[in-house]
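All heavy atoms count here, side chains included; hydrogens, waters and symmetry mates do not. For this chain, numbers begin at 1 and follow the sequence in order.
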Amino acid sequence: LICSPQPQPLASVPHLHRRLCQAVLTRGSRWLSGCCTPSSVERRPAKNPDAPKSAPFFEPQIDWESLSDPVRAAAARQNARQRGADPDLVDAALRLRAESSDGAAAVATAARLPNWTHPDSPIGGEANSRLVRLIGTAPSTEERRGFDARTLLQNLRLLASRNLSLLTGQRTHYFRGQLAQLETALIGLALDVAQEFGFQQIGVPELVPPELVDACGFATQGTRSQVFLTGSMALIGTAEIALAGYLAGRIYRIDQLPVRLCAVSRCYRREISKVELFSLTSPADSESEHQRLLSVQEAILNQLGLHCRLLDMATEELGNPAYRKFDWEAWLPSEARFGEVCSASNCTDYQSRRLGIGLAGTNLGGFPHTLNGTACAITRTIKALVETHQCSDGGSVALPPALAPYMAPFTNELTMLKRPPMKSMYFAKLKRQPML
């Protein structure tokens with residue numbers, strides 16, 4: 001109506017359309033072009049004369065002034081060495097910058113350096129990771145019985161994973177009946193807890209540009225890459241990538257932070273579904289936000305009745321983006337060991353520098369901090385859940401009370417069960433299914 005050669009008077013426009021037209025006329029075309037984001041959040045391409053010209057939002061902003069300082073350069077080499085990265089990348093990047101005319105090779109080399117490391121992070125490999133705390137109660141010796149999760153669920157005919165290599169490939173599976181419903185229930189519980197902590201749910205794409213994957217710190221090339229490329233696009237290995245891309249190229253005022261997002265996606269690494277958390281904060285608030293992510297995870301794990309430990313991960317386990325990372329590991333009775341179920345990482349400005357996410361005002365450091373964490377990795381959690389709560393009959397599983405509202409709507413049998421007393425188990429038993 002506004003753009004037509006003969007605009008109609010607003011009085012003749014239906015009520016809802018009239019409100020839209022009034023908003024556009026009042027705020028201008030900029031409101032319409034930015035209607036998917038707050039009007040005060042600006043989109044802008046990153047400005048880096050040394051970066052390649054083909055990817056406007058995915059141009060790493062390298063701190064060359066700091067990297068050129070001999071003391072900082074020596075610290076960067078030591079940091080890379082402690083994290084299992086190549087310390088020679090520092091000198092290689094500086095040499096290429098001095099020799100190259102466009103600087104693209106220097107930027108690409110410097111971008112392969114890992115983030116700085118929190119001073120409290122343990123140095124070394126996984127064995128050096130530090131125990132922070134334990135939650136939940138470990139099953140007693142008498143309760144460490146029965147089957148591993150795969151065997152139990154196959155016996156119940158809830159899991160199909162045999163003889164699928166010719167159909168869907170190795171390490172694949174089908175969830176049937178109540179197991180598929182349990183997957184949905186875990187997603188629902190994780191999303192509800194996340195939203196109670198202030199995270200807004202977003203539906204994300206699972207195909208993204210490879211440049212976005214690289215900008216988040218995940219290699220798309222090389223023998224160690226876990227990224228699947230399809231044509232000119234890449235399948236995401238975690239919703240973190242898509243959530244980071246959603247914020248790419250934006251400039252935020254300090255009063256607009258934090259931004260807290262959550263999403264559900266398939267993760268194309270080991271065929272798992274996850275509920276992912278993502279935060280954008282001011283540099284001053286990133287460590288407290290890290291603790292918030294851990295609180296979300298702890299709330300979910302406690303409601304599932306799992307015995308878990310929290311580890312402060314050692315430097316060689318951080319990957320490139322993380323400044324500090326914590327892992328939650330759940331007790332697996334069938335293996336008599338702890339296994340990772342979720343993690344939370346503070347990436348400081350490592351990703352925002354590569355995604356063109358800025359802070360308005362030069363006195364704030366220029367870049368906000370990004371953090372990410374897994375609210376629930378579904379298949380890993382199901383394994384711990386089934387093994388922890390399987391019944392003594394060896395043929396059923398007593399699910400925790402927190403899952404009752406999410407499981408009950410699916411089958412008549414579950415909706416007829418009465419609410420258990422406080423702190424008791426919700427006996428929604430996973431039972432043997434008829435053969436299809």
Side-chain angles (χ1 to χ4, degrees), residues 23-24 27-63 107 111 115 194 198-218 233-234 236 238-263 265 276-286 289-290 292-293 321 323 345-373:
V24 173
R27 298 190 180 188
S29 60
R30 181 179 174 187
W31 181 90
L32 186 61
S33 64
C35 62
C36 293
T37 65
S39 59
S40 54
V41 176
E42 300 180 9
R43 280 269 191 192
R44 60 92 191 258
K47 297 180 180 180
N48 181 1
D50 295 328
K53 308 303 180 186
S54 59
F57 291 151
F58 312 134
E59 301 173 355
Q61 304 293 297
I62 306 300
D63 187 358
V107 169
N115 198 354
F199 289 81
Q200 177 187 0
Q201 183 179 354
I202 287 187
V204 297
E206 296 180 353
L207 279 171
V208 298
E211 294 89 350
L212 173 57
V213 181
D214 281 319
C216 290
F218 301 93
M233 302 292 279
I236 60 173
T238 167
E240 167 197 344
I241 296 170
L243 291 172
Y246 178 74
L247 303 177
R250 301 186 188 184
I251 304 174
Y252 287 87
R253 297 192 315 268
I254 196 70
D255 62 339
Q256 294 173 311
L257 301 177
V259 175
R260 299 187 177 108
L261 307 174
C262 62
S265 75
E276 190 75 10
L277 308 169
F278 193 89
S279 295
L280 186 75
T281 75
S282 67
D285 294 333
S286 66
E289 187 69 13
H290 203 178
R292 189 181 192 87
L293 295 181
Y323 172 69
S345 299
N346 183 355
C347 298
T348 61
D349 62 358
Y350 185 92
Q351 292 176 330
S352 57
R353 283 179 172 273
R354 289 156 170 76
L355 293 165
I357 307 173
L359 278 176
T362 56
N363 61 330
L364 297 174
F367 298 95
H369 286 186
T370 63
L371 302 95
N372 65 83

Side chains of P321 and T348 in contact at under 4.5 Å (non-hydrogen atoms) = no
task = For residues I251 and Q256, report the shortest heavy-atom separation together with the two atoms involved.
result = O-OE1, 4.3 Å
query = Would you say L280 and Y252 make side-chain contact, with heavy atoms under 4.5 Å?
reply = yes
query = Any side-chain heavy atom of D63 within less than 4.5 Å of one from R353?
reply = yes
ask   = If we only count heavy atoms from C-beta on, is the C347 to L371 side-chain gap below 4.5 Å?
value = no
Taking every non-hydrogen atom, the tightest pair across T281 and P258 = CG2-CB, 4.0 Å
query = Does the side chain of S282 come under 3.5 Å of the side chain of D285 through a donor N or O and an acceptor N or O?
reply = yes
remark   = Residues passing the ring-ring contact (aromatic ring centres under 6.0 Å, His included) test with Y323, sequence neighbours excluded, are H118
query = So do P368 and L257 actually touch side chain to side chain, heavy atoms under 4.5 Å?
reply = yes
ask   = Below 4.5 Å, heavy atoms only, C-beta onward: do F367 and L359 meet side chain to side chain?
value = no
E289 versus S279, side-chain donor and acceptor atoms under 3.5 Å = yes
inquiry  = For A244 versus I357, what's the shortest heavy-atom pair and its separation?
reply    = O-CD1, 4.4 Å
remark   = Rounding to 0.5 Å, atoms CD (E211) and CZ (R354) come to a distance of 14.5 Å
query = Which value, rounded to the nearest 0.5 Å, describes the distance between F199 atom CZ and F278 atom CZ?
reply = 10.5 Å
ask   = Side chains of Q351 and E240: closer than 4.5 Å at any heavy-atom pair?
value = yes
inquiry  = I need the T238 OG1 to I236 CD1 distance, nearest 0.5 Å.
reply    = 7.0 Å
query = Of the non-hydrogen atoms in C216 and I241, which two are nearest, and what is the gap between them?
reply = SG-CA, 4.0 Å
Separation between CG of N372 and SG of C262, rounded to the nearest 0.5 Å = 13.5 Å
ask   = So which heavy atom on A263 is nearest to which on V204, and how close?
value = CB-CG1, 3.8 Å
ask   = If you round to the nearest 0.5 Å, how far is CG of L277 from OG of S345?
value = 11.5 Å
inquiry  = On a heavy-atom basis, which atom in P205 and which in A242 lie closest, and how many Å separate them?
reply    = O-CB, 3.7 Å
message = Could you check whether any side-chain heavy atom of P209 comes within less than 4.5 Å of a side-chain heavy atom of M233, counting everything from C-beta outward?
response = yes
remark   = Rounded to the nearest 0.5 Å, the CG atom of D349 sits from the OG1 atom of T370 at a distance of 8.5 Å
key: Q201 CD: over 12 foreign heavy atoms closer than 6.0 Å   = yes
